[in-house]
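This is the structure I want to talk about, given as structure tokens.
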Amino acid sequence: MEPVTGTAPKVVKSDQEWREQLGPEEYAVLRQAATERPFTGEYTDTKTEGVYECRACGAELFSSDTKFESHCGWPSFFDPSGTDAVVIREDRSLGMVRKEVLCATCHSHLGHVFEGEGYDTPTDQRYCINSISLKLIPKS
């Protein structure tokens, strides 16, 4: 992975340690920036209240309070749980410029953030996140 601007990683593991911890699909998305197929993820349509954590390191990333229906095929949020929960870096893959979203704690790939799409949200942002990058902790 190329260098990331923002907070220094707090969880650092070797490639082999990540491979041992994560399943093949999790590893492909979280550590190699792959994307799960649209409308196949576990959390795409869930309405369960709770907190979404990073599947790789357990850091809190998003709250169900900020999840909304964008009908894009992946879970969408309008804001991360905290200003330092994620880091953003420029992604020039696939012949376009996008903003990649990474976990600030372990720098695992989560998805991308888009702005100005006209969704009726407080931030006019859509954090388009792979379900496989997340773990939902239901509200008790």
Side-chain angles (χ1 to χ4, degrees):
M1 259 199 225
E2 63 191 64
V4 177
T5 56
T7 312
K10 297 173 189 148
V11 173
V12 179
K13 294 183 180 188
S14 70
D15 188 58
Q16 184 59 37
E17 289 172 310
W18 285 122
R19 286 182 186 276
E20 290 170 5
Q21 176 186 331
L22 303 169
E25 290 179 19
E26 293 170 331
Y27 181 84
V29 172
L30 289 158
R31 304 309 303 168
Q32 297 179 313
T35 300
E36 67 189 353
R37 289 186 333 244
F39 301 103
T40 62
E42 168 181 17
Y43 303 125
T44 302
D45 297 317
T46 187
K47 304 218 184 326
T48 303
E49 290 185 23
V51 171
Y52 290 87
E53 295 181 345
C54 175
R55 191 174 298 259
C57 72
E60 183 178 325
L61 299 171
F62 299 95
S63 167
S64 61
D65 295 341
T66 65
K67 189 172 187 288
F68 70 100
E69 303 235 358
S70 68
H71 308 288
C72 70
W74 294 274
S76 296
F77 304 86
F78 61 79
D79 207 19
S81 287
T83 56
D84 59 351
V86 300
V87 291
I88 308 297
R89 75 172 171 195
E90 187 175 274
D91 175 3
R92 291 185 168 266
S93 66
L94 305 177
M96 63 182 103
V97 179
R98 299 180 292 171
K99 294 179 181 178
E100 181 183 14
V101 181
L102 303 163
C103 172
T105 302
C106 69
H107 288 184
S108 287
H109 172 79
L110 304 172
H112 292 86
V113 62
F114 303 94
E115 299 177 83
E117 296 179 312
Y119 288 104
D120 187 21
T121 63
T123 63
D124 197 24
Q125 293 180 316
R126 175 174 59 95
Y127 285 80
C128 183
I129 306 298
N130 292 285
S131 285
I132 203 164
S133 296
L134 303 171
K135 179 179 177 187
L136 174 61
I137 307 302
K139 188 176 184 178
S140 36

Starting at CZ of Arg55, measure out to SG of Cys103 and round the result to the nearest 0.5 Å.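 If we round to the nearest 0.5 Å, Arg55:CZ and Cys103:SG are 13.5 Å apart.
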Any side-chain to backbone donor/acceptor pair from Asp91 onto Lys99? Under 3.5 Å, distance only.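 The answer is no, because no donor-acceptor pair under 3.5 Å joins these two groups.
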Same cluster for Ile88 and Phe62 if Ile/Leu/Val/Met/Phe/Trp/Tyr side chains link at under 4.5 Å?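 Yes, one cluster joins them.
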What residue among Arg92, His112, Arg89 forms side-chain hydrogen bond (donor to acceptor under 3.5 Å, both in side chains) with Glu100?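 Answer after filtering Arg92, His112, Arg89: Arg89.
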Rounded to the nearest 0.5 Å, what's the gap from CD on Glu20 to OG on Ser14? Could you check?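 Between atom CD of Glu20 and atom OG of Ser14 there are 7.0 Å.
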Joint hydrophobic cluster, Phe68 plus Tyr43, side-chain heavy atoms closer than 4.5 Å: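 No, Phe68 and Tyr43 fall in different hydrophobic clusters.
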Verify the neighbour count for atom CD of Glu25: are there more than 12 heavy atoms of other residues, nucleotides or ligands below 6.0 Å?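 No - once you tally the heavy atoms of other residues, nucleotides and ligands closer than 6.0 Å, there are 12 at most.
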Distance, nearest 0.5 Å, that separates OG of Ser108 from CG of Leu134: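 Nearest 0.5 Å value for the OG-CG distance: 11.0 Å.
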More than 12 foreign heavy atoms under 6.0 Å from CG of Asp15: is that the case here?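 For Asp15, atom CG is crowded (more than 12 foreign heavy atoms under 6.0 Å).
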Tell me the side chain to side chain donor-acceptor pair (under 3.5 Å) pairs involving residues 57-68, sequence neighbours left out?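 Those involving residues 57-68 are Glu60-Ser81.
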Spatial distance of atom CD (Glu53) from atom CG (Leu61) [nearest 0.5 Å]: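 That separation rounds to 8.0 Å.
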Do the side chain of Tyr127 and the main chain of Val101 share a donor and acceptor less than 3.5 angstrom apart?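 No: the side chain of Tyr127 does not pair with the backbone of Val101.
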Can His109 and Asn130 be said to form a side-chain contact (heavy atoms from CB on, under 4.5 Å), step by step? CA-CA 9 Å; His109 172 79; Asn130 292 285; 3.8 Å; yes
Give the table of side-chain donor-acceptor pairs shorter than 3.5 Å for residues 71-80, with sequence neighbours excluded, one pair per line with atom names and distance.
unit_1 : atom_1 : unit_2 : atom_2 : d
Trp74  : NE1    : Glu36  : O      : 3.0
Ser76  : OG     : Ser70  : OG     : 2.6
Ser76  : OG     : Trp74  : O      : 3.4

Checking one residue: Ile132. Which other hydrophobic residues are in its cluster under the side-chain 4.5 Å linking rule?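 Same cluster as Ile132: Val29.
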How far does NZ of Lys13 sit from CZ of Arg19, to the nearest 0.5 angstrom?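 Rounded to the nearest 0.5 Å, the NZ-CZ separation comes out at 14.5 Å.
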Nearest non-hydrogen partners of Ala104 and Val87, listed with the distance: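 Residues Ala104 and Val87, closest heavy atoms: CB-CG1, 4.1 Å.
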Working to the nearest 0.5 angstrom, can you tell me the gap between Gln32 CD and Glu26 CD?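 Taking CD in Gln32 and CD in Glu26, the distance rounds to 13.0 Å.
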Please answer whether the main-chain N or O of Val11 pairs with a side-chain N or O of Thr105 as donor and acceptor at a distance below 3.5 Å.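 Here the side-chain-to-backbone pair does not exist.
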